[in-house]
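Just follow the structure's listing: the first ligand is 1, and inside any ligand the first atom is 1.
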Amino acid sequence: MDRICEAGQCVWAQGAVPLGAPGPRPAPAVPARPGLPAAAPLPLPRSAIEPAQAMFRFGPAHRGRSPYVLPAARPSVWWSVTTGGPVSSSPAIAEDGSLLFGSHDGKLYAVSRDGSIKWQYATGDIIFSSPAITHDGTIYIGSDDDHLYAIGPRSDKPRWVFQVGSCPQRVGLGPEASRCDVDAGPTIGPDGVIYTGGDGIYAINPDGTLRWRFPTNGHVASAPALMADGTVVAGSQDDVIYAIAPGGFKRWDFRTGGDIDSSPSIGDDGTIYVGSDDRKLYALNPDGTLRWAFNTSGDLRSSPALGNGVVYIGSFDAQLYAIRTDGTLYWTFRTGDRIVSSPLVDAKGAIAFGSQDDRLYALEPDGRMRWSVELGGDVDSSPILSGDGTLFVGSDDRKMYALRAGLSASR
Ligand SMILES: [Ca+2]
Ligand SMILES: [Ca+2]
Ligand SMILES: [Ca+2]
């Protein structure tokens with residue numbers, strides 16, 4: 001399902017209106033801003049190097065690289081969990097093995113390894129955001145109710161809630177209600193600072209207080225990525241890619257020809273890769289100058305993944321593109337419909353992603369199809385992989401799926 005945003009105006013495709021009828025709705029049952037006072041001082045992250053256990057695109061550089069290996073044989077559905085709305089959020093695995101994800105029914109779900117729901121937490125509007133989890137078990141998730149939530153650890157209750165922006169209409173449809181939506185990431189930095197978007201780019205301290213806000217002229221749905229020196233890079237529906245220094249001031253910006261909903265990836269050499277609704281994949285130097293732009297035939301809402309010398313991104317032209325880091329085409333793979341899902345690259349260079357043709361695909365590094373699995377609706381969610389080769393991905397059929405190869409016939 002698509003939320004179509006043009007020039008900051010957002011509507012739902014197919015007349016679909018999640019969470020009941022449009023129009024005024026009660027305010028979400030969350031405290032008004034500023035965020036709740038922290039119940040207890042937040043302990044410092046266990047590791048100063050990498051405090052995050054899991055997040056969208058697997059790390060603050062957003063490379064989409066999994067340390068694990070995709071199944072060699074076609075997997076089948078091990079279990080699925082049905083929610084009350086499409087699942088476009090990408091799941092995250094907590095240290096205890098629980099799977100966390102959001103749904104358009106407005107809830108954050110925690111599901112056990114066996115597929116049973118442990119708990120659910122209701123926010124006040126649709127969830128597009130993907131959970132980020134710290135090593136202490138705190139879960140950060142954004143909602144279209146304009147709040148970022150910090151849930152846990154060891155509880156399904158918020159430790160704090162941070163309201164992004166001060167949009168007069170917080171929930172519902174339309175540009176006024178969408179501008180402060182918290183759809184982006186969140187991304188957790190090496191120092192535990194949380195980066196997300198709304199009516200600008202936000203840096204939020206681990207105790208739920210604002211670190212800085214950088215205002216933009218359009219909604220920021222693109223999850224901020226972090227360069228090695230701490231520079232924050234995010235795109236906006238004002239068509240501009242921004243690089244913000246750790247102190248919150250602008251280093252540079254780069255204008256594209258359309259909304260940027262794709263989240264940037266940062267290469268090992270500092271090159272920034274990001275897609276735009278102008279149908280181009282951009283490669284920018286760390287100083288914000290253009291290295292190259294590659295034309296596809298559709299909007300790029302998918303976020304790039306970085307393999308060994310190759311960038312992978314899905315397009316609304318139904319193709320998954322593999323583009324060498326010098327800007328030349330390596331190969332394309334055609335699916336039956338638009339691609340919103342962001343690809344995963346496994347430890348051996350194989351690629352997995354979803355398509356609106358309702359399939360989850362795995363490709364060999366050379367672009368040949370390894371397998372595909374048909375699910376019950378658009379697969380806009382980005383797949384994740386656990387160490388035992390289980391794949392997790394959401395679908396517009398309201399389900400979160402766990403897929404494994406080699407299941408016995410009795411299952
Ligand atoms: Ca909103
Ligand atoms: Ca725009
Ligand atoms: Ca479909």
Note: Arg179-Asp199 ion pair, threshold 4.0 Å (strictly below): no
Any residue meeting salt bridge (charged side-chain N to carboxylate O under 4.0 Å, His left out) with Arg251, in chain and number order, not counting sequence neighbours: Asp229
Atom of Asp378 nearest the Ca ion (ligand 3) (restricted to N/O/S, atom name only): OD1
Aromatic contact, Tyr361 with Phe333 (centres under 6.0 Å): yes
Side-chain donor-acceptor pair present, Lys118, Ser98, cut-off under 3.5 Å: yes
Validation row, ring centre Tyr312 to ring centre Tyr321 under 6.0 Å: no
Closest Asp259 atom to the Ca ion (ligand 2) [N, O or S only]: OD1
Trp160 ring center near Tyr140 ring center (under 6.0 Å): yes
Lys107/Asp125 ion pair, N-O < 4.0 Å: no
Whether Asp358 has an N, O or S atom under 3.0 Å from the Ca ion (ligand 3): yes
Atom of Asp239 nearest the Ca ion (ligand 2) (restricted to N/O/S, atom name only): OD1
Pair Tyr242 + Phe214: ring centers closer than 6.0 Å: yes
Protein N, O or S atoms lying under 3.0 Å from the Ca ion (ligand 1), listed by chain and number: Asp144 O, Asp146 OD1, Arg170 O, Ala177 O, Asp181 OD1
Proximity of Tyr149 and Tyr121 rings by center, below 6.0 Å: yes
Metal site the Ca ion (ligand 2): N/O/S of Gln237 inside 3.0 Å: yes
The Ca ion (ligand 3) contact by Gln356, N, O or S atom under 3.0 Å: yes
